[in-house]
Amino acid sequence: MTNNKHSKTKRKRGIKLQLRRIAYNASESYLVIQLTNTSGITFEIDFLKVYRVNGNKKRKSFKNWK
């Protein structure tokens, strides 16, 4: 099963990391990403660490009201 609802993108100094889709298979999750480099500096990717972070959206939106 694949979830194609949203695609997230982060850009910083000519590097763009885009989450294309998330695929689920039983208890495993797969992230399909696209990395684009327009910085002019050559990079060689050896690995990418991905962390799962739990947050409270209500608390974050309440802080922004102050």
Side-chain angles (χ1 to χ4, degrees):
M1 186 167 145
T2 303
N3 180 4
N4 288 329
K5 288 183 180 180
H6 301 288
S7 177
K8 299 291 183 180
T9 303
K10 285 286 187 178
R11 292 181 178 91
K12 190 169 186 179
R13 298 182 182 154
I15 305 292
K16 181 172 86 168
L17 180 67
Q18 185 173 21
L19 176 63
R20 302 296 293 193
R21 69 176 183 264
I22 302 173
Y24 302 97
N25 184 9
S27 64
E28 297 179 348
S29 300
Y30 298 92
L31 304 176
V32 179
I33 60 170
Q34 179 178 2
L35 185 64
T36 307
N37 179 10
T38 59
S39 68
I41 301 171
T42 304
F43 289 100
E44 190 172 311
I45 304 295
D46 187 27
F47 63 92
L48 180 66
K49 289 187 179 182
V50 178
Y51 297 94
R52 182 178 141 190
V53 178
N54 294 330
N56 185 345
K57 291 183 180 181
K58 290 181 182 179
R59 178 172 277 179
K60 287 180 184 178
S61 63
F62 180 71
K63 284 183 180 179
N64 291 335
W65 276 44
K66 292 181 179 181

Using residues 26-33 as the side-chain source, report each donor-acceptor pair under 3.5 Å to any protein atom, sequence neighbours left out, with the distance given to one decimal.
from, atom 1, to, atom 2, distance (Å)
E28, OE1, Y30, OH, 2.4

If you round to the nearest 0.5 Å, how far is [atom2] of [Y] from [atom1] of [X]?
| X | Y | atom1 | atom2 | value |
| --- | --- | --- | --- | --- |
| Q34 | L19 | CD | CG | 11.0 Å |
| T38 | R13 | OG1 | CZ | 13.5 Å |
| N37 | E44 | CG | CD | 12.5 Å |

Can you list everything that forms a side-chain hydrogen bond (donor to acceptor under 3.5 Å, both in side chains) with T36? Sequence neighbours excluded, please.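 In terms of side-chain hydrogen bond (donor to acceptor under 3.5 Å, both in side chains), with neighbours along the sequence ignored, T36 is linked to no residue.
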Exam field: side chain S39 to backbone I15, donor-acceptor pair closer than 3.5 Å: no
Applying side chain to side chain contact (heavy atoms under 4.5 Å, CB included), name anything that partners I45, two or more places apart in sequence or on another chain. L35
